[in-house]
Amino acid sequence: MAYDYEYLKKEIFALTAIDLNAYKEKQMKRRIDTLIAKHKIVGYDKYIHALKTDKALFEEFVSYITINVSEFYRNLEQWKILDETIIPELVQKFGKNLKVWSAACSTGDEPYSLVMALSRHIPLNQIRIYATDLDKQVIEKAKVGLYSEKSIASVPSDMKSKYFTKVGPSYRIADAVKERVDFREHNLLKDSYPSSYHLIVCRNVLIYFTEEAKDEVFHKFNQSLTKGGILFIGSTEQIMNYREIGFDRKNSFFYQKP
């Protein structure tokens, strides 16, 4: 039997339900090969065996492969558009009980940023964010809510003083914000999608997917949105065929379901 990359993809799917076919192959294979080399393991078959028998190695693999890079208010100008234009329009159209989904939420920076952004327009106790990620380890980290100074650098100063407490070299986010977020595991390529959302935020994740996988996810996001709902994507992403998928483009990073 050939223990090649095809073998690895099949075994990884069986182990984790992560479909590596959906990721750009050259980029993903290089990442995995680097990780395997770090552990001085020779051969995909031996690595798969190690993943099956070593829990720490398995969890490291899932975290590494799901590419968790995040920060609060990432690309601040886009968050200003969200604050000054998008949220007011959504509140005017749908009221203050907005259904908001932070997809591929990583370590919680994004859903917590959403709570703070929404709190300028909606009472905190009315805010509810559904936040999902493939990696249960980063979800656990998100629930703890401890962040580096670099991670919170773009948080507006009034929000920083109101909702963060310095703990040693780190900053802890207030329970009042944490309580507004419901974290769940979710695989964008495999699991069913929730429905009737007014705002979906999924940023700087799909750049790692193939064009076919991106289209599938964007179609599903469109179906998850209610009419008039908004999809907010990352600064490294564009939906070139947005009309075919069923969106109107509000600007470079905000797409509306008509």
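Taking the six-membered ring for Trp and thresholds of 30 and 60 degrees, Trp101 and Tyr130 have ring planes inclined between 30 and 60 degrees apart. Using cut-offs of 30° and 60° for the angle between ring planes, the Tyr255 and Tyr242 rings count as tilted.
Under 4.0 Å is where a charged nitrogen must lie from a carboxylate oxygen, and between Asp182 and Arg184 at least one such pair does. Between Glu6 and Lys10, none of the side-chain N atoms (NZ, or NE/NH1/NH2) sits under 4.0 Å from a carboxylate O, so this pair counts as no salt bridge. Taking a cutoff of 4.0 Å between a charged side-chain nitrogen and a carboxylate oxygen, Lys29 and Asp33 qualify as a salt bridge. Looking at Arg30 and Glu25, no side-chain N of the basic residue comes within less than 4.0 Å of a carboxylate O on the acidic one, giving no salt bridge.
Proximity of Phe221 to Ile245: side-chain heavy atoms (C-beta onward) are nowhere separated by under 4.5 Å. Contact check for Ser102 versus Thr132: no side-chain heavy atoms found under the 4.5 Å cut-off. Leu15 has its side chain within reach of Lys52: a pair of non-hydrogen atoms, C-beta onward, lies under 4.5 Å apart. Between Pro111 and Cys105, the closest side-chain pair of non-hydrogen atoms falls below 4.5 Å.
Within 6.0 Å of atom CZ in Arg128, more than 12 heavy atoms from other residues, nucleotides or ligands are found, so the atom counts as buried in its surroundings. Environment of CZ in Arg120: crowded, with over 12 heavy atoms of neighbouring residues, nucleotides or ligands closer than 6.0 Å.
Smallest separation of non-hydrogen atoms from Glu110 and Trp79: O-CH2, 4.0 Å. Across Ala104 and Val205, no two heavy atoms sit closer than the pair CB-CG2, 3.5 Å. Between Lys141 and Thr107 the shortest heavy-atom distance is CD-CG2, 3.7 Å. Counting all heavy atoms, side chain and backbone alike, Pro123 lies closest to Lys96 at CD-CD, 4.0 Å. Nearest heavy atom pair, residue Leu225 against residue Leu231, reads CD1-N, 4.0 Å. The two residues Phe58 and Leu51 come nearest to each other via the heavy atoms CB-O, 3.6 Å.
With Asp248 contributing its side chain and Gln256 its backbone, the two residues share no donor-acceptor pair below 3.5 Å.
Between the side chains of Asp109 and Ser151, at least one donor N or O lies within less than 3.5 Å of an accepting N or O.
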